[in-house]
Amino acid sequence: MKRFSTIVSVLIILGVVYWSFADLKPAINTSKSNSETEFSLENALNHLKKISKEPHYTGSKEHKNVQNYIVSELQKMGFETEIQTQTAINKKWFAATTAENIIAKLKGTGSEKALLLLTHYDSNPHSSLGASDAGSGVVTILEGLRAFLAKNETPKNDLIILISDAEELGLLGAQAFVDKHPWTKDIGLVLNFEARGSGGPSYMLMETNGKNSKLLSEFLAAKPNFPAANSLMYSIYKKLPNDTDLTIFREDANINGFNFAFIGDHFDYHTAQDSYERLDKETLLHQADYFTTSLNYFSNSDLTNLTSEEDFVYVNFPIIKLATYPFSWVLPIFILCSLLFLILLVFGFSLNKIDIKGALKGFIPFVVSLILCGGISYGLWEILLIIHPHYNDILHGFTYNGYQYIIAFVFLNLWLLFTIYKRTSKEEKQTNLLVAPLFFWLILNFIISSSLKGAGFFIIPVISALLILAIAIFLNLKDGVKRVLFTLLSIPTIYIFAPMVKMFPVGLGLKILFVSGLFIVLVFGLMILSFHQKKSFWTQKWTGFLALLFFIIATYNSRFSIDNKKPNSLVYIENYDAKTAYFGTYNTTLDTYTKQVFKDDFTKGGIENAETKSKYNTRFNYAKKTVYKAISSSEIRTEIDTVIGKKRFLELTITPKRKINKLEFLTKSKLTLYQFKVNDVLVNKGKKHSFKSGTFLVYHLGNNDKEVTLSFSVNVGQNLDFTLNEISYDLLTNKNFKLKPRAEDMMPMPFVTNDAIIISKQLNF
């Protein structure tokens, strides 16, 4: 009976885990709909195939082709389109360009505020195909609008469509729109469609300068079929530096909105493998579901006042999809659960179901489990990076075999838990073992109640565990019946936390596997009465076997292949003033592509002034001196250099003599600029701009940029020690170099300046 009840419990757990993931996104429906008013996956994929053939970053030839295609499709639907060409500067990212936004509007029957449909059409420089990020958003809007217009119903609210440019360069298209377009003042709500991978569920993240209760109630009123969201992500997101187009609308125009973004298959993010073929079709349907339900609702709802005075806790929950309650309930629920815990302890002691010595002993396996599972998960991943150094070349930290590692670490942690409890817990009164986990969960919820109320739903597992403890104290049921009953009562806990065990290492990299390990320990502790047996655990043997099996599978799949390409990098750096040149690579492990340069006489380390700004502040790992090619550099003219009072006024014009993709301006000394302008556009609204040292501007040249003008004033006596890096993505095509192309199982490394020629020169005044 014990073995049977354990099998039933395991099957229930596996079923709930599957259920929790299945509820997060739709499945492909093989039956085709002939309705013109429904979103057609086939139509959307047809668009996507056309706009993701080649990299189409801002300033590239294909960028203009993609722009023309989107404009053409909008015009076919009857929209009058506008290309907003505007220089924009984002002071947070020290970035600027002349963006080309695609804009259109559908007039409503009459309302005070408009609904903005937002995504971006540029891909990440220089090799990303941009199918997911954010081609998926483009085709979701194109096909979603087609289906919406097919109903021949005029919405109440104006619909503004913004397919922004230069999002990947620093949210610059959105910045241009918010700063300069008159329609900004009309917008009441933004729906933004984004991607940080090529698959998985799409998560809803709200952005608001205020509280979330009205936004949340309106989101639920739209009746999305697969709402994937929780308020922990909302609270963390509000504390972290945000970086979507929607952020610009919130920060600079105080406009609320929703991000809909997916993070699965993170290994494709910003790479040449972000392709039409690799986009998860179910994920695209999930975006479509958000779009159609939200558009149908918000196109006719009141958008004039979506701010609120109250925040809500929310989390995915069985059957009802999303459980919600106010932040104000978090502390009272915690206090109530704490009182119930104390009352149950009193009854447990009086009924001889719990004893003090046994309860204290129960802390030993739980605390040991937290330390070992968290520590071993962290340490083992560090060891794996030593065993497989090429993993370090995947800069965002999620490897192609990352899902296999997640499963392996889950089973490893379960094996550790079963082993620890088997060896340290010989309790006759199994109820004693639930005391320690409940105590730790209550401490955790006390911290949450004061500093992270968005995680308030962490009290739900406590409520389930308190019910389990009450049954264990007051009812004398057979062990097998209790085990199954306790597992059934743990369904909400499993449903809520199973996706989180996967989500954190996928989104933040496998270095976060230790967080998943801690989650597993915390959940296991509350479910200990479903698992604990006085004799041997057959589950212990199986989890150990499965952990070993998945580590073997992950190791077998650790190599790169045509389908899972190795990222690598080569950069040529020329110092115009010293007449010297170097090759650099960001790679930790060299391969046939990088070894054509780095065969011998190379050094470990970087190159001064040549390591351009990158997402992860990546530095060159190897450098090698090479022949100086004397590649032509830009003409730099000092248009103005004059002193008025205590200020020195300067204006520089940089005119490229070849195809340049970006210009980086660096200062070696502390710098304060006043009235800083780029192409006559004020930086930071004319406020002073101060830097300690390093990059103070990255200008990405668009297709129409013939020259770039900088003007500013400084205090008289300010030391001006500027370096200009001219960067072009033509290393492999420039006639000065004879480099062999990459093998089929290789691709340009993302997140860094790559396949590039950098000319570094001092600016003299």
Side-chain angles (χ1 to χ4, degrees), residues 58 82-103 105 112-122 134 137 158 160-194 205-212 214-215 234 237-261 298 303-308 673-691 696-700:
T58 300
E82 169 193 344
I83 302 297
Q84 180 198 18
T85 303
Q86 175 65 50
T87 296
I89 304 108
N90 187 319
K91 61 183 176 65
K92 185 187 294 186
W93 307 104
F94 312 112
T97 194
T98 300
E100 297 182 15
N101 291 327
I102 304 169
I103 303 170
K105 180 190 274 192
E112 293 183 40
K113 290 294 181 180
L115 176 66
L116 179 68
L117 309 176
L118 174 64
T119 191
H120 68 92
Y121 72 97
D122 61 307
D158 291 353
I160 298 173
I161 298 96
L162 171 58
I163 315 292
S164 73
D165 187 14
E167 188 272 351
E168 301 290 3
L169 308 182
L171 320 177
L172 297 173
Q175 192 76 61
F177 186 91
V178 170
D179 286 348
K180 297 295 182 179
H181 206 285
W183 289 352
T184 299
K185 68 181 187 303
D186 301 328
I187 297 168
L189 182 71
V190 180
L191 306 179
N192 184 38
F193 295 84
E194 259 290 3
L205 283 166
M206 285 180 278
E207 285 209 36
T208 173
N209 290 328
K211 304 294 179 69
N212 70 23
K214 283 189 179 180
L215 282 174
Y234 164 77
Y237 190 76
K238 290 197 78 168
K239 292 176 183 292
L240 294 175
N242 303 326
D243 58 352
T244 73
D245 276 345
L246 174 54
T247 306
I248 302 297
F249 285 86
R250 175 180 61 80
E251 289 183 343
D252 293 0
N254 196 28
I255 299 171
N256 296 318
F258 298 97
N259 285 308
F260 302 105
F298 288 114
L303 305 179
T304 57
N305 184 17
L306 292 175
T307 57
S308 52
L673 303 179
Y674 300 88
Q675 292 296 308
F676 184 24
K677 293 182 180 181
V678 180
N679 292 348
D680 211 33
V681 175
L682 275 171
V683 178
N684 200 19
K685 298 180 181 178
K687 298 176 184 177
K688 70 178 183 180
H689 218 51
S690 296
F691 307 89
F696 68 90
L697 179 69
V698 181
Y699 189 90
H700 301 263

pair [X]-[Y]: side-chain heavy atoms closer than 4.5 Å:
X	Y	answer
L682	Q675	yes
E207	E251	no
F298	L117	no
R250	N209	yes

Could you give the side-chain donor-acceptor pairs of residues 173-180 under 3.5 Å, partners two or more places apart or in another chain?
unit_1	atom_1	unit_2	atom_2	d
Q175	NE2	D179	OD1	3.2
Q175	NE2	D179	OD2	3.3
Q175	NE2	D252	OD2	2.8

When you measure from the side chain of [X] to the backbone N and O of [Y], does any donor-acceptor pair fall under 3.5 Å?
X	Y	value
N192	G257	no
D122	E167	yes
N679	T87	no
S308	K211	yes

Could you measure the distance from the [atom1] atom of [X] to the [atom2] atom of [Y]? Nearest 0.5 Å is fine.
X	Y	atom1	atom2	result
T97	E168	OG1	CD	13.0 Å
Y121	I102	OH	CD1	4.5 Å
D186	K113	CG	NZ	6.5 Å
L115	I160	CG	CD1	8.5 Å
T119	L191	OG1	CG	11.5 Å
I248	I255	CD1	CD1	11.5 Å

If I compare all heavy atoms of [X] with all of [Y], which pair ends up nearest, and what's the gap?
X	Y	answer
E112	T304	CB-CG2, 3.6 Å
T247	D243	OG1-N, 3.8 Å
F249	D245	CD1-O, 3.4 Å
A96	I89	CB-CG1, 3.7 Å
T244	L171	O-CD1, 3.5 Å

Full working for side-chain contact (heavy atoms from CB on, under 4.5 Å) between V683 and F696: CA-CA 11 Å; V683 178; F696 68 90; over 6 Å; no
Candidate pair D158 and K105, rule side-chain contact (heavy atoms from CB on, under 4.5 Å), full reasoning: CA-CA 7 Å; D158 291 353; K105 180 190 274 192; 4.2 Å; yes
Residues, nucleotides or ligands: over 12 heavy atoms within 6.0 Å of E82 CD: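 Count over threshold, so yes.
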Modelled atom types, side-chain donor and acceptor of N101 and Q86, under 3.5 Å: no
Aromatic ring pairing F94/H689, orientation class (parallel under 30°, perpendicular over 60°, tilted between):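 Rings of F94 and H689: perpendicular, over 60°.
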Full working for side-chain contact (heavy atoms from CB on, under 4.5 Å) between H700 and T58: CA-CA 8 Å; H700 301 263; T58 300; 5.6 Å; no
Residue pair L189, L215: steps toward the side-chain contact (heavy atoms from CB on, under 4.5 Å) verdict: CA-CA 10 Å; L189 182 71; L215 282 174; 3.9 Å; yes
